[in-house]
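Counting starts at 1 for both ligands and their atoms, following the listed order.
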Amino acid sequence: MCERIDFFAGVRFCLFAFILIFAAARADAQTAQPAGLKGAVTRQTYFSKTTGVDRHCYVYTPPGYPEAKKYSVLYVLHGIGGTEAEWINHGMPKQIMDALYAEGKAEPMILVFPNGRAMNPDRVPHNPFSDEAQAAFANFEKDLLEDLIPFIQKNYSVYTDRKHRGICGLSMGGGQSLNFGLGHPELFSCVGAFSPAPNTDTGLFKVDGKVSMPLIWILCGESDSLLNISKNADAFLTAHTIPHAFKTMPGGHDWGVWKAGLREFVPLIFMGGE
Ligand code: FER
């Protein structure tokens, strides 16, 4: 009899302990993903009306996707010689994002890595500085707005308003982020430019003050030969009293700066969930 009581007391204790551990794990999951949980990177193909051909992008989905009801979307753009694979191959975005989620420092978001050179045939030109290549980087604005964003919104569990849409990139992609983001403040709520290139065109920025941009964030290496581009953008935004952040850090035109850019920019965006 005594043994029977002990047995049931033991079962009750185990059950109680299990419920406690489960509750603690759930409470923790709301602030941070347990370390070790990993996101996923998938290559996607979409048809571009802009170029008339299929184009590709990579998509990072965070640990647990699609657990949250809807996710924000951050578009992450590459540099002059790159393609949709550049960040994936050199920037360690999956590792950076998985670590940020494990630390509870990133809102629910997916990252989209497009090919930022919209041309047909779709290839890296022999001379990435050619007029043709430069035009393709500018032409990507149309592909992004009319082809890629609708594709992502159709195929992923994401919000579709500007509050939950951001854009950032390195070098040429930094210039594109400033041009497209500040050119369409009604479509993007945050812009990050890491070492923006000479394609940065302040003439495209909407500075009439009607739509305020919650976050404009520029980062450049102190020894980057393109530092003056960041300084010009900073001076332009300051002159137009547009709130923004401009940071420099030790480094040149390199991945140390760009990885730091992604790592520092992501925790600042899409704050407040809904
Ligand atoms: C230039 C120097 C650098 C330029 C573009 C770049 C358009 C881009 C560099 C990169 O993307 O890494 O004069 O002109």
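In this model, no donor atom of one side chain and acceptor atom of the other lie less than 3.5 Å apart for Tyr75 and Gln176. Checked by atom type, the side-chain pair Asp147/Ser48 shows a donor-acceptor distance below 3.5 Å.
Of the listed residues (Leu144, Thr160, Val112), just one forms a side chain to side chain contact (heavy atoms under 4.5 Å, CB included) with Ile152, and that residue is Val112.
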Within the protein, flag every N or O under 3.5 Å from an N or O of ligand 1, and note the pair and distance.
unit_1: ligand 1; atom_1: 11 (O); unit_2: Ile80; atom_2: N; d: 2.7
unit_1: ligand 1; atom_1: 11 (O); unit_2: Ser171; atom_2: OG; d: 2.8
unit_1: ligand 1; atom_1: 11 (O); unit_2: Met172; atom_2: N; d: 3.2
unit_1: ligand 1; atom_1: 12 (O); unit_2: Ser171; atom_2: OG; d: 2.9
unit_1: ligand 1; atom_1: 12 (O); unit_2: His253; atom_2: NE2; d: 3.0

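For residues 80-90, the pairs satisfying side-chain hydrogen bond (donor to acceptor under 3.5 Å, both in side chains) are Arg43-Glu84, with sequence neighbours left out.
Other residues sharing the hydrophobic cluster of Ile229, ordered by chain and number and joined by side-chain separations under 4.5 Å: Leu226. Its side chain within the 4.5 Å cluster rule, Phe137 clusters with Ile80, Phe129, Met172 among the Ile, Leu, Val, Met, Phe, Trp and Tyr residues.
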